[in-house]
2 protein chains.
Amino acid sequence: MPTSHLRMENKTAKTRERNKDKSKQEFLDAVGKILTTKGYTSLKVNDIANAAGLDKKLIYKYFGGTDQLLDEYIHAQNFWNNVEEEPLIAEDTDGGKTAAKQILSNQFDFVGNNIEYQKILIWQLAEERASHRKVIDEQEEKGEVLFTHMADRYFGDKAADFRAMMALLVSGVYYLNIYAETNGSVFCGIDIKSPGGREKIKEALNFFVDKAYEDLK
Amino acid sequence: MPTSHLRMENKTAKTRERNKDKSKQEFLDAVGKILTTKGYTSLKVNDIANAAGLDKKLIYKYFGGTDQLLDEYIHAQNFWNNVEEEPLIAEDTDGGKTAAKQILSNQFDFVGNNIEYQKILIWQLAEERASHRKVIDEQEEKGEVLFTHMADRYFGDKAADFRAMMALLVSGVYYLNIYAETNGSVFCGIDIKSPGGREKIKEALNFFVDKAYEDLK
DNA sequence: AGTAAAAGTCACCAAATAGTGACCACAAGA
DNA sequence: TCTTGTGGTCACTATTTGGTGACTTTTACT
């Protein structure tokens, strides 16, 4: 409790910094922290305010309510998690084969290492929510340009088949990592949390991509 | 338990049938109903009792509490959802290739058509829980005998590679169906809820299995 | 019929959770 | 210095949720 009344201090005044934007960010951070450690079902106003070290009244003042705070959090997250897909639209000499491998492998590691993102994925699976829909639509749109640019052109009338294969692989990447975190990490006898197991999965991903490009062309 | 001896029913007895076993079952059914329609986060005592048309006190009397009721529900479900995997341990002439295709395709349809099972899968992903762990362990064990029987023998030192591939495909089958139900059904441009989209996924599954057996041997 | 055990209901309490009005405190402009 | 806008706290209410003791009703058995 910063009941320190002497605020005449020239500098050392420890009274809480009064900054709306910073406080808003602290609420957003608190959401991420709670989401990561306890899951989306624990995102209650009281707990969020407590984690942020601020009064819950401010959530209503600044965001309008818990839902709007969560919406803002969700949307803010979407920007960060998409950065890693960009940097490899490199050479098109192989129709995007190495790019596809890269993306899958990167995504596999990213999801595996990022519990916060795992929790967001679970949240998307579990709760119908306009802001989830929006984020998902944005991601689909982003994926769409990737597919049309590199794969559709390359695969012609087999484009849809390639997309189906990628859908399976990406889904597998997501599920395996989410699965491994909560109630046991062994799936089909592969320990998804062990380096050896993860290596096997990556090899399987590469194998499937190779075969897709080999046979589909 | 079977206290049902012949009771002198006069007929018109309008009073609720007093039957512990039946009431227990009604609670279990209520859990399934709420889980299916509103998700695991809505599994509250009051609502469950209400859905069952009985007093919540009975939940404490019969099960010990909500948690134990949920545990019993989870365990009971496990029996039903595993039935579909049995009937196809047919000929071993192809090392289990057609069996693998069958299992994946069947599982894809089963999960897609069974929202209750989808919700259980989500629940497993979202909540750490001893009964989930137990069910998952049992499933792993069941899968283990399948793998050792048909695949490990056939693939020799490549057995782990095959398992990794199957892990990816099964995971994909799960995730795609769960994903499609809640916040949008299009993934990688494939509409997972449309017959055409589902057909493409199945073809991709078959393709991958073929390639696995082709190259891994 | 009479009775005891068990099925089932109801009223009630306690804790958790969402939400808000009244207030305090600091900074900047008048 | 005083006033005002606003960041921030606190106390309070209402609702939801979990849990239980006391009671009533039915059944099974003598």
Side-chain angles (χ1 to χ4, degrees), chain A residues 1-31 34-35 38-71 73 127 129, chain B residues 1-31 34-35 38-71 73 127 129:
Chain A
M1 299 299 180
T3 46
S4 68
H5 281 278
L6 19 146
R7 46 207 104 7
M8 292 286 142
E9 329 219 352
N10 279 352
K11 249 89 234 264
T12 50
K14 267 291 116 248
T15 103
R16 164 173 283 291
E17 220 180 312
R18 296 183 158 231
N19 186 325
K20 179 173 177 180
D21 287 335
K22 194 179 172 194
S23 294
K24 284 185 73 172
Q25 191 54 49
E26 265 155 18
F27 282 121
L28 291 167
D29 292 346
V31 170
I34 292 177
L35 180 64
K38 311 209 179 143
Y40 76 98
T41 54
S42 297
L43 291 172
K44 329 271 193 181
V45 235
N46 295 305
D47 297 332
I48 295 171
N50 201 40
L54 290 162
D55 196 278
K56 63 178 167 182
K57 182 65 183 288
L58 297 181
I59 293 176
Y60 296 96
K61 263 192 184 173
Y62 295 162
F63 299 93
T66 317
D67 271 347
Q68 288 94 319
L69 165 59
L70 298 185
D71 287 344
Y73 168 82
E127 194 181 68
R129 196 183 186 89
Chain B
M1 300 294 183
T3 47
S4 77
H5 293 243
L6 15 146
R7 47 192 133 292
M8 312 268 139
E9 343 204 348
N10 279 355
K11 254 115 217 314
T12 52
K14 273 286 113 261
T15 93
R16 163 176 281 289
E17 215 179 316
R18 280 165 172 252
N19 184 325
K20 180 175 175 178
D21 287 335
K22 194 179 171 195
S23 294
K24 284 184 73 173
Q25 191 54 50
E26 265 156 19
F27 283 120
L28 292 168
D29 292 345
V31 169
I34 291 177
L35 181 64
K38 310 208 182 145
Y40 77 98
T41 53
S42 297
L43 291 171
K44 330 268 192 183
V45 234
N46 295 304
D47 297 333
I48 295 171
N50 200 41
L54 290 163
D55 196 277
K56 63 178 168 181
K57 182 66 184 286
L58 297 180
I59 293 177
Y60 296 96
K61 264 191 182 173
Y62 295 161
F63 299 93
T66 317
D67 271 349
Q68 289 93 321
L69 165 59
L70 297 184
D71 287 344
Y73 167 82
E127 193 181 68
R129 195 183 187 88

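Every chain is numbered from 1 and lettered A, B, ... according to where its sequence line falls, protein lines coming before strand lines.
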Subject >> Selected nucleotide, minimal atom distance to B:Lys20 side chain, candidates C:dT9, D:dT9, C:dA7 >> reply: C:dA7

**OP:** Return the set of residues passing side-chain hydrogen bond (donor to acceptor under 3.5 Å, both in side chains) with B:Tyr73 (not counting sequence neighbours), or none when no residue passes.
**Re:** B:Glu116

Subject >> Whole-Å distance separating the CD atom of A:Gln68 from the P atom of C:dA18 >> reply: 14 Å

Original post:
Yes or no on side-chain contact (heavy atoms from CB on, under 4.5 Å) for A:Ile48 and A:Ile34, after CA distance, side-chain angles and deciding distance?
Top reply: CA-CA 7 Å; A:Ile48 295 171; A:Ile34 292 177; 4.0 Å; yes

Original post:
C:dT9 P sits how many Å from B:Ile59 CD1, rounded?
Top reply: 12 Å

Subject >> Distance in angstrom units between A:Asn19 CG and C:dA27 C1', rounded >> reply: 13 Å

What protein N or O atoms touch nucleotides 17-24 of chain D N or O atoms at under 3.5 angstrom, if any, and at what distances?
residue, atom, partner, partner atom, Å
D:dG18, OP2, B:Val45, N, 3.0
D:dG18, N7, B:Lys56, NZ, 3.4
D:dG19, OP2, B:Tyr60, OH, 3.0
D:dG19, O5', B:Tyr60, OH, 3.4
D:dG19, N7, B:Lys56, NZ, 2.9
D:dG19, O6, B:Lys56, NZ, 2.6
D:dG21, N7, B:Lys57, NZ, 2.7
D:dG21, O6, B:Lys57, NZ, 3.1

Original post:
Between atom CG in A:Asp67 and atom C1' in C:dT17, what is the gap in whole Å?
Top reply: 14 Å

Original post:
Under the salt bridge (charged side-chain N to carboxylate O under 4.0 Å, His left out) test, which residues partner A:Asp29, sequence neighbours left out?
Top reply: none

Original post:
What is the distance, rounded to the nearest whole Å, between atom CD1 of A:Ile48 and atom P of C:dA16?
Top reply: 17 Å

**OP:** Sort and list the pairs that fulfil side-chain hydrogen bond (donor to acceptor under 3.5 Å, both in side chains) and have at least one residue in residues 43-57 of chain A, not counting sequence neighbours.
**Re:** A:Asn46-A:Lys56

Subject >> Partner residues of B:Thr41 under the side-chain contact (heavy atoms from CB on, under 4.5 Å) criterion, sequence neighbours left out >> reply: A:Tyr40, A:Thr41

Subject >> Between D:dT16 (P) and B:Asn50 (CG): distance, integer Å >> reply: 13 Å

Original post:
Rounded to the Å, how far apart are A:Leu58 CG and C:dG19 P?
Top reply: 15 Å

Subject >> Spacing between B:Asp21 atom CG and C:dA6 atom P, to the nearest angstrom >> reply: 14 Å

Subject >> Phosphate OP1/OP2 of D:dG8: any A:Tyr62 side-chain N/O under 4.0 Å >> reply: yes

**OP:** Could you pull out all residues at least two apart from B:Asp67 that satisfy side-chain hydrogen bond (donor to acceptor under 3.5 Å, both in side chains)?
**Re:** B:Arg129

